[in-house]
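For the single chain, residues carry numbers from 1 onward in sequence order. Just so it is clear, the values below take in all heavy atoms, side chains as well, and ignore hydrogens, waters and symmetry mates.
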Amino acid sequence: MIDFKEIIAEKIANQTELNKEEIKQYIELPPNTDLGDYAFPCFKLAKALKKSPQMIAEELKEKLTLDENITKIEIVGGYLNFFINKVILSKEVLEEIENKEENYGSNNSGENKTVLVEYSSPNIAKPFHIGHLRNTVIGASLYKIYKFLGYNTVGINHLGDYGTQFGKMIEGYKRWEKEYDIENNPIDELTNIYVRINNLCKEDESVLELCRDNFRKLEEGDEYCLEVWNKLKDLSLKEFQKTYDLLGVKFDSLKGEAFYSDKIDEVVDKLEEKGILQDSEGAKIVDLEDKGLGVCIIKKSNGSTIYATRDLAAILYRVRTYNFDKCLYVVAYEQNLHFKQIFEVAKYLDIPEKCLNGLEHVSYGMVRLVTGKMSTREGTVIKVNELLEEAIERAKKIIEEKNPEMENKDEEAKKIGLGAVIFNNVSNTIIKDQVFDWNTVLNFNGETGPYIQYIYVRTKSVLEKVDEIPNLKDINYELLQDKESQKVIFNLYNFENILMQVVQKNEPSLLARYLITLSQNYSNFYNENKIIDENKEVQNARIALTKAVNIVLKQGASLLGIEMPNKM
Ligand code: ARG
C-alpha cells in the first residue's frame with residue numbers, strides 16, 4: 001500500500017543532510033487533522049543548521065515540490081505540515097482491505113525471527129487468580145500479534161509446578177487426603193490442605209522439617225512423592241484447562257519449573273567456573289549488590305534448587321531449543337527484581353548476545369476489584385472461572401432485557417461476557433493497575449469490549465440491509481471526502497502501524513485503544529451520514545467504507561482474543 005510517510009521523508013531527505021529513516025522517526029501526526037495529515041518538526045534540524053525552526057521551515061517549504069500524493073504544505077510554528085491526497089488514500093485503503101480481508105494489517109516483518117511468549121504460568125494446586133487471568137489475556141494477545149506480523153512464535157506456559165511448597169502439599173496430602181473431596185473440587189480442597197499444613201508447620205518445627213524433606217525426596221525421584229505430585233499436577237491442569245478453553249487460549253509448550261529441576265547443575269557449574277558464585281551460610285549466591293540488585297540465591301543450604309535457578313536453566317534450554325530473538329516474560333510487576341536478577345546472572349551463562357538482548361520482562365499491574373458482590377471466597381481470592389461465568393450470565397441478562405427475541409442467546413452472551421472481561425484486561429497501559437467493575441466492563445456505550453462489538457454488529461446489519469456489496473471499481477472516492485469518512489479511513493490506514501507499535505513496545509493496549517477510536521469514528525460517520533441513500537453512488541461509497549470497518553474491527557478484536565457476536 002502507498003506509504004505517505006515514506007514519500008514525505010524521501011522529499012525531505014533529498015533536500016537535507018538527514019537520512020530517510022531518521023526523518024521517518026521524527027514525522028508526527030498533528031493533533032488535529034485540520035492542521036495537516038503529517039508534520040515534520042523542523043527543530044530537529046535547528047542545531048545542525050544553526051537556524052531557527054521557523055526559518056528552516058520556510059526554506060524547506062520553498063524547495064519541496066508538490067505532486068499527486070502531497071497536495072499542500074503549510075508552516076505552523078516550527079512545523080512543516082503536509083496534506084495528502086485523500087482520494088488516493090481512500091482508494092488505496094479500501095482496495096487493500098478488500099484484497100487482503102482478514103489478513104489486512106499483517107506483514108512479514110518478523111520473518112526468520114523467533115519470539116517466545118511466556119504467559120499465564122499459574123501455580124499448581126493453587127487457585128488461578130485474576131492476576132493470572134490478566135497475564136493470560138495479555139500474553140495470548142501478544143502471541144497472536146507477533147504471529148500476524150510473521151514472527152515464528154512460541155507460546156509457553158511456565159507452570160509453577162515445583163518448589164518447597166510441594167513438600168508441604170505432599171505432607172498434607174499424606175496426612176489428610178481422606179478428609180477432603182479432592183477429586184470433585186481439587187483446587188479448593190488442595191488450598192484448604194495447604195492452609196492447614198502451613199498452620200501446623202508454624203506450630204511444629206518438626207513438621208516443617210518433614211516438608212522440606214519431602215521436597216528433597218521429590219527432587220531425588222522418590223516414588224510416593226512423585227506419585228502425589230503428578231496427581232496434584234493432573235488435577236490442577238484439568239481445572240486450568242477449563243479457563244483456557246473458555247478464553248480460547250492455547251500454548252505450544254507446557255514445560256513448567258519441574259522440567260528444569262535436573263538441568264540446574266550446568267547453571268551452577270558455569271557460575272562456579274566464572275568465579276561469581278559465593279558461599280553464604282551454606283547456600284550458593286551471586287552478589288549483585290554493586291548493581292543495586294541485592295543477592296540472587298542459586299542453591300539453598302540443603303542443596304534444593306530454587307525458583308531463580310530453574311529460570312536460569314530455562315533460559316539455557318530455550319536458547320538451545322529455539323535460538324530465540326526475543327523471550328518475553330509476561331509476569332506481574334511484583335517480580336521486577338527477580339527478572340532483573342536473572343537477566344543479570346544470565347550474562348555469565350555464555351549465551352549468544354542476540355538471545356541475551358532478547359530477554360524481556362513484560363511487566364503488568366494488578367487487577368483491583370471494586371468491592372461489592374464479586375464471587376469472592378475468604379475475602380480475597382477470586383476464582384477466575386466463576387468470574388468468567390458471571391460475566392456470561394450478566395451479558396445474558398442484558399440481552400434478555402434488550403433483545404429477548406435474539407437467536408443463539410447463549411452463544412452470543414458468551415462472546416459478549418468474555419469480550420468484556422478480556423477487553424478490560426488489555427484496555428489500559430499494561431503496567432498500570434486495572435480496576436474491575438461490572439458496571440463499566442459491560443457498558444455497551446463506554447470504552448469497552450461490548451462497545452466495539454456493538455459497533456461491529458452495527459456494520460454487519462448495515463451490510464445486511466443492501467442487496468449487494470458494491471464492486472470497488474465502481475466507487476467514487478470523491479464521495480468519501482467529508483471529515484467523518486476521512487477520520488475512519490485514516491484509522492483504517494493506520495492499522496498495520498499500530499500493530500507494529502504493539503510489538504515494538506509489547507503493549508497490546510495500543511490495539512485496544514485503536515479499536516475504540518475506530519469504533520467511535522465509525523459511529524460519528526454513521527450518525528452524520530445516511531448510509532442507505534436514494535443516491536446509489538453515495539450509498540455504494542458508504543457501504544464500501546462500512547465493509548472495510550467491519551473487517552478491521554473483527555480482525556483487530558480477534559487479535560486481542562475477542563470474538564464478535566452476530567447480534568446484540
Ligand atoms: N508461577 C509464577 C507465579 O504465579 C510465575 C512464573 C513466571 N515465569 C517465570 N519464568 N518465572 O507467580
In sequence, state the C-alpha distance, the side-chain angles, and the governing distance for N157 and F240, and then conclude on side chain to side chain contact (heavy atoms under 4.5 Å, CB included). CA-CA 11 Å; N157 192 345; F240 298 159; over 6 Å; no
R212 and E209: CA distance, side-chain angles, deciding distance, salt bridge (Lys or Arg N to Asp or Glu O under 4.0 Å) verdict: CA-CA 5 Å; R212 288 197 182 120; E209 225 19 78; 3.2 Å; yes
I would like to know whether E227 and N230 meet side chain to side chain donor-acceptor pair (under 3.5 Å); could you show each step before the answer? CA-CA 5 Å; E227 187 194 310; N230 269 317; over 6 Å; no
Test V228 against K174 for side chain to side chain contact (heavy atoms under 4.5 Å, CB included), laying out the working first. CA-CA 9 Å; V228 176; K174 194 156 130 192; over 6 Å; no
Let's go through K231 and E183 carefully: what are the C-alpha distance in whole Å and the side-chain angles of both, what is the deciding distance for salt bridge (Lys or Arg N to Asp or Glu O under 4.0 Å) to 0.1 Å, and is it a yes or a no? CA-CA 10 Å; K231 181 153 193 183; E183 288 296 328; 3.3 Å; yes
Between E266 and K270, does a salt bridge (Lys or Arg N to Asp or Glu O under 4.0 Å) hold up when you go through it step by step? CA-CA 6 Å; E266 190 184 357; K270 274 221 156 81; 3.6 Å; yes
Please evaluate residues Y514 and N494 with respect to the criterion side chain to side chain donor-acceptor pair (under 3.5 Å), reporting the C-alpha separation (whole Å), side-chain torsions for both, the decisive distance (0.1 Å), and the verdict. CA-CA 9 Å; Y514 167 86; N494 265 322; over 6 Å; no
Show your working on side chain to side chain donor-acceptor pair (under 3.5 Å) between N199 and E203 and close with a plain yes or no. CA-CA 7 Å; N199 287 335; E203 282 164 29; over 6 Å; no
Given R216 and E220, is the salt bridge (Lys or Arg N to Asp or Glu O under 4.0 Å) satisfied, shown in steps? CA-CA 6 Å; R216 194 184 42 74; E220 285 163 5; 3.1 Å; yes
Decide yes or no on side chain to side chain donor-acceptor pair (under 3.5 Å) for K326 and Y146, but give the supporting numbers first. CA-CA 11 Å; K326 282 193 199 184; Y146 272 101; 2.9 Å; yes
Run the side chain to side chain contact (heavy atoms under 4.5 Å, CB included) check on F423 and V137 step by step: do they pass? CA-CA 9 Å; F423 190 85; V137 167; over 6 Å; no
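When every heavy atom of I430 is checked against every heavy atom of P508, the shortest pair comes out as CG2-CD, 4.3 Å. When all heavy atoms are compared, the tightest approach of I315 to Y329 is CG1-OH, 3.4 Å. Contact record, N428 with E507: O-OE2, 4.2 Å, taken as the closest heavy-atom pair. Nearest heavy atoms, Q341 versus V295: NE2-O, 3.2 Å. Annotation for T153 and D252: closest pair O-OD2, 3.7 Å, computed over non-hydrogen atoms. The heavy-atom pair separating K217 from C225 by the smallest distance is CB-SG, 4.0 Å.
Side-chain contact annotation: Y307 with Q335, donor-acceptor N/O pair under 3.5 Å present. A donor-acceptor contact under 3.5 angstrom links the side chains of Q241 and D245, judged on distance only.
Taking the six-membered ring where the residue is Trp, the centroids of F259 and Y162 are separated by 6.0 Å or more. Ring-centre distance between Y173 and Y224: not below the 6.0 Å cut-off. Taking the six-membered ring where the residue is Trp, the centroids of Y143 and F251 are separated by 6.0 Å or more.
Residue E289 places its CD atom among more than 12 non-hydrogen atoms of other residues, nucleotides or ligands, all under 6.0 Å distant. Other residues, nucleotides and ligands place no more than 12 heavy atoms under 6.0 Å from the NZ atom of K414. The number of heavy atoms from other shown groups lying within 6.0 Å of NZ (K274) is above 12.
How far CG of D287 is from CG of L277: 11.5 Å, rounded to the nearest 0.5 Å.
Here the side chain of S120 pairs no donor or acceptor atom with the backbone of T136 at under 3.5 angstrom. For D433 (side chain) and G365 (main-chain N/O), no donor-acceptor pair under 3.5 Å exists by modelled atom type. Although no hydrogens or angles enter the test, the distance criterion places no donor-acceptor pair under 3.5 Å between the side chain of D325 and the main chain of V115. Side-chain atoms of E281 never come within 3.5 Å of backbone atoms of S301 as a donor-acceptor pair (strictly under, hydrogens ignored). In this structure a side-chain-to-backbone donor-acceptor pair under 3.5 Å is missing from H361 to K340. Using a distance-only test at 3.5 Å, with no hydrogens or angles considered, no donor-acceptor pair links the side chain of K255 to the main chain of A314.
Contact check on E272 versus K299 returns no salt bridge, with no Lys/Arg side-chain nitrogen under 4.0 Å from an Asp/Glu carboxylate oxygen. With respect to E118 and R318, a salt bridge is recorded, a charged nitrogen being found less than 4.0 Å from a carboxylate O. We find that E171 and R196 are not joined by a salt bridge, their nearest charged nitrogen and carboxylate oxygen being 4.0 Å or further apart.
Cation-pi geometry between K554 and Y456 is not met at under 6.0 angstrom from the ring centre and within 45 degrees of the axis.
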